[in-house]
Q: 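My questions all concern the structure below.
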Amino acid sequence: MIEGLVNVSDFERAAEEKLDAGVAGYFFGGAGDELTLRENVSAWGHWRLRPRMLAGLSEWRTETELLGGEIALPVLVAPVAYQGLVDPEGEAAMARAAASAGTVMCLSTLATMRPRPVAEAAPGGRRWFQLYCFQDEGVTRALVEEACECGYEAIVVTVDAPRGGNRERDRRTGFKIPAELGVPNVEAAVGSGRAITIEETFELMEPALTWSYLEDLASDCRVPVLVKGVLTAEDATLAVEHGAAGVVVSNHGGRQLDRCLATADALPEVVDAVEGRGAVLVDGGIRRGVDVAIALALGADAVLVGRPALWGLAVGGEAGAHRVLDLLREELHLTLALCGCASPAELGRAHVQRAPAASLYSA
Ligand SMILES: Cc1cc2nc3c(=O)[nH]c(=O)nc-3n(C[C@H](O)[C@H](O)[C@H](O)COP(=O)(O)O)c2cc1C
């Protein structure tokens with residue numbers, strides 16, 4: 001079945017056909033009018049590549065360095081909650097797909113498995129852990145400890161969700177996380193046994209985080225801490241000044257503040273503000289290898305994909321998620337070749353320019 005799917009959009013359509021309305025609404029949807037959800041995708045199309053010719057290359061590589069280690073492609077799997085809703089093996093299958101694709105999986109706090117069994121499912125794989133800070137500090141601390149103990153190489157603290165966004169698709173379908181699914185980190189905070197809404201889940205988290213909280217977390221933690229959900233130069237500067245090893249330019253895939261900046265539009269100012277003092281990653285709307293190349297040319301060290309990997313998992317389990325990552329790798333490989341670059345590290349600002357104004361809204 002997955003053999004006939006030749007790009008990420010094909011996986012998107014196949015996933016939409018397969019999932020029931022409530023689950024599809026949760027995974028596909030965004031906040032409010034979903035303008036940011038759509039703009040995350042279209043904003044990558046507002047840049048054009050400036051390819052260079054006669055570079056004398058016959059080999060190209062997609063491997064890249066990130067936080068001191070090498071990955072096979074600069075595309076990571078973003079933290080996406082409740083993967084057990086679309087595949088019986090859930091996060092374990094996603095971890096194996098990321099490992100066999102040679103990249104990092106970032107596990108969500110709202111996963112349907114604890115950090116340890118996910119690590120055990122893909123022992124050779126590389127993993128980061130995404131942290132939502134619970135009001136119950138003991139729950140937060142236990143999670144960070146478990147992740148560090150079982151080889152998660154970074155903590156990615158999500159800062160764009162002091163409350164859950166206005167997800168109208170979920171309100172329309174009355175979507176709840178089924179009680180039988182099991183979300184162990186949430187159960188640690190509230191006990192198990194009943195279906196809860198996404199809004200109720202966010203109410204368990206500490207809304208009043210501060211930069212000094214981040215600084216304490218980063219100094220207590222034995223692995224690097226990245227801040228996910230930064231959209232401005234101001235916050236990027238504060239993040240690196242308060243001990244972050246890097247930032248993820250993200251608007252939560254358009255699921256939190258509708259009408260905030262598309263991530264492709266926020267990325268350049270964040271790269272300029274960080275000035276090489278930390279890693280800069282970006283997610284939101286990456287659907288093509290060309291999008292990855294544009295993000296790298298604008299100065300990102302790597303990108304993450306949320307929905308694309310999830311669509312792969314929903315359509316074809318581990319093999320489906322692996323295929324999505326492989327398609328992005330193949331497309332990036334071709335883009336590098338056609339741009340005259342031997343590797344991702346060779347892409348720079350000279351390889352991109354804004355699209356002519358007339359073409360911005362026509363494509
Ligand atoms: C269904 C779904 C669940 C998500 N759950 C989380 C989460 O638990 N923690 C988090 O930091 N981000 C979460 N995100 C945001 C993603 O990590 C990422 O920022 C976003 O999906 C990127 O946009 P993309 O889906 O267009 O690639 C979620 C996104 C989706 C679509």
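Ligands are counted one by one from 1 in listed order, and the atoms in each one are counted from 1 as well. Note: hydrogens, waters and symmetry copies are ignored here, and every other heavy atom, side chains too, is used. For the single chain, residues carry numbers from 1 onward in sequence order.
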Q: Record the part of Tyr132 in heavy-atom contact with ligand 1 below 4.0 Å; permitted values are side chain, backbone, both and neither.
A: side chain
Q: If you count the atoms of ligand 1 from 1 in the order shown, which ones are under 4.0 Å from a heavy atom of Thr158?
A: 10 (C), 11 (O)
Q: Among all protein heavy atoms in this structure, tell me which lies nearest to atom 27 (O) of ligand 1, with the distance rounded to 0.1 Å.
A: Gly306 N, 2.9 Å
Q: For a 4.5 angstrom cut-off between non-hydrogen side-chain atoms, does Val157 reach Cys133?
A: yes
Q: Show which atoms of ligand 1 fall inside a sub-4.0 Å distance from at least one heavy-atom site of Ser250.
A: 19 (O)
Q: For atom 8 (O) of ligand 1, what is the closest protein heavy atom, and at what distance to 0.1 Å?
A: Ser108 OG, 2.7 Å
Q: Counting only nitrogen or oxygen atoms and a 3.5 angstrom limit, does Tyr26 reach ligand 1?
A: no
Q: Indicate, as side chain, backbone, both or neither, the part of Val80 found under 4.0 angstrom from ligand 1 when only non-hydrogen atoms are considered.
A: both
Q: Do me a favour and list the nearest non-hydrogen protein atom to atom 19 (O) of ligand 1 with residue, atom name and distance?
A: Asp283 OD2, 2.7 Å
Q: Would you check whether Phe28 reaches within less than 4.0 Å of ligand 1, judged by its heavy atoms?
A: no
Q: Between Arg141 and Asp220, is the closest basic N to carboxylate O distance under 4.0 Å?
A: no
Q: Using a strict cut-off of 4.0 Å, indicate which atoms of ligand 1 neighbour a heavy atom of Gly284.
A: 22 (C), 23 (O), 26 (O)
Q: Can you sort out which atoms of ligand 1 are near Arg307, meaning under 4.0 Å from one of its heavy atoms?
A: 23 (O), 24 (P), 25 (O), 26 (O), 27 (O), 31 (C)
Q: Within 45 degrees of the ring normal and closer than 6.0 Å to the centroid, is that where the cationic atom of Arg255 sits relative to Tyr26?
A: yes
Q: With heavy atoms of Arg287 as the reference, note each atom of ligand 1 found under 4.0 Å away.
A: 24 (P), 26 (O), 27 (O)
Q: Between Trp311 and Phe28 (judged by ring centroids, cut-off 6.0 Å), do the two rings come close enough to count as a pair?
A: yes
Q: So if I count the atoms of ligand 1 from 1 in the order they appear, which ones are less than 4.0 Å from some heavy atom of Gly285?
A: 24 (P), 26 (O)
Q: Does this structure show an ion pair linking Glu3 with Arg323, if we count only N-O contacts that are shorter than 4.0 Å?
A: no
Q: Check whether Thr36 reaches the backbone of Arg259 with its side chain - one donor and one acceptor, N or O, closer than 3.5 Å.
A: yes
Q: Backbone, side chain, both or neither: what part of Gln130 comes under 4.0 angstrom of ligand 1, heavy atoms only?
A: side chain
Q: Any idea which part of Ala81 is under 4.0 Å from ligand 1, heavy-atom wise: side chain, backbone, both or neither?
A: both
Q: Any nitrogen or oxygen of Arg255, main chain or side chain, under 3.5 Å from a nitrogen or oxygen of ligand 1?
A: no
Q: Check the pair Arg329 / Asp326 against salt bridge (charged side-chain N to carboxylate O under 4.0 Å, His left out), numbers first and verdict last.
A: CA-CA 5 Å; Arg329 191 188 51 73; Asp326 222 32; 3.2 Å; yes
Q: What's the shortest distance from atom 12 (N) of ligand 1 to any protein heavy atom, and which residue and atom give it?
A: Lys228 NZ, 3.0 Å
Q: What protein heavy atom is closest to atom 13 (C) of ligand 1, reported as residue, atom name and distance in Å?
A: Pro79 O, 3.0 Å
Q: Any side-chain heavy-atom pair from Asn166 and Arg171 closer than 4.5 angstrom?
A: yes
Q: Under a 4.5 Å cut-off applied to non-hydrogen side-chain atoms, are Arg307 and Glu12 in contact?
A: no
Q: What are the two closest non-hydrogen atoms of Ala262 and Ala43, and how far apart are they?
A: CB-CB, 3.6 Å
Q: Quick check with a 6.0 Å cut-off and a 45 degree axis cone: is Arg163 positioned over the face of Phe202's six-membered ring?
A: no
Q: What about Phe27: any of its N or O atoms under 3.5 Å from an N or O on ligand 1?
A: no
Q: For the side chain of Arg127 and the backbone of Ala99, is there at least one donor-acceptor N/O pair under 3.5 Å apart?
A: no
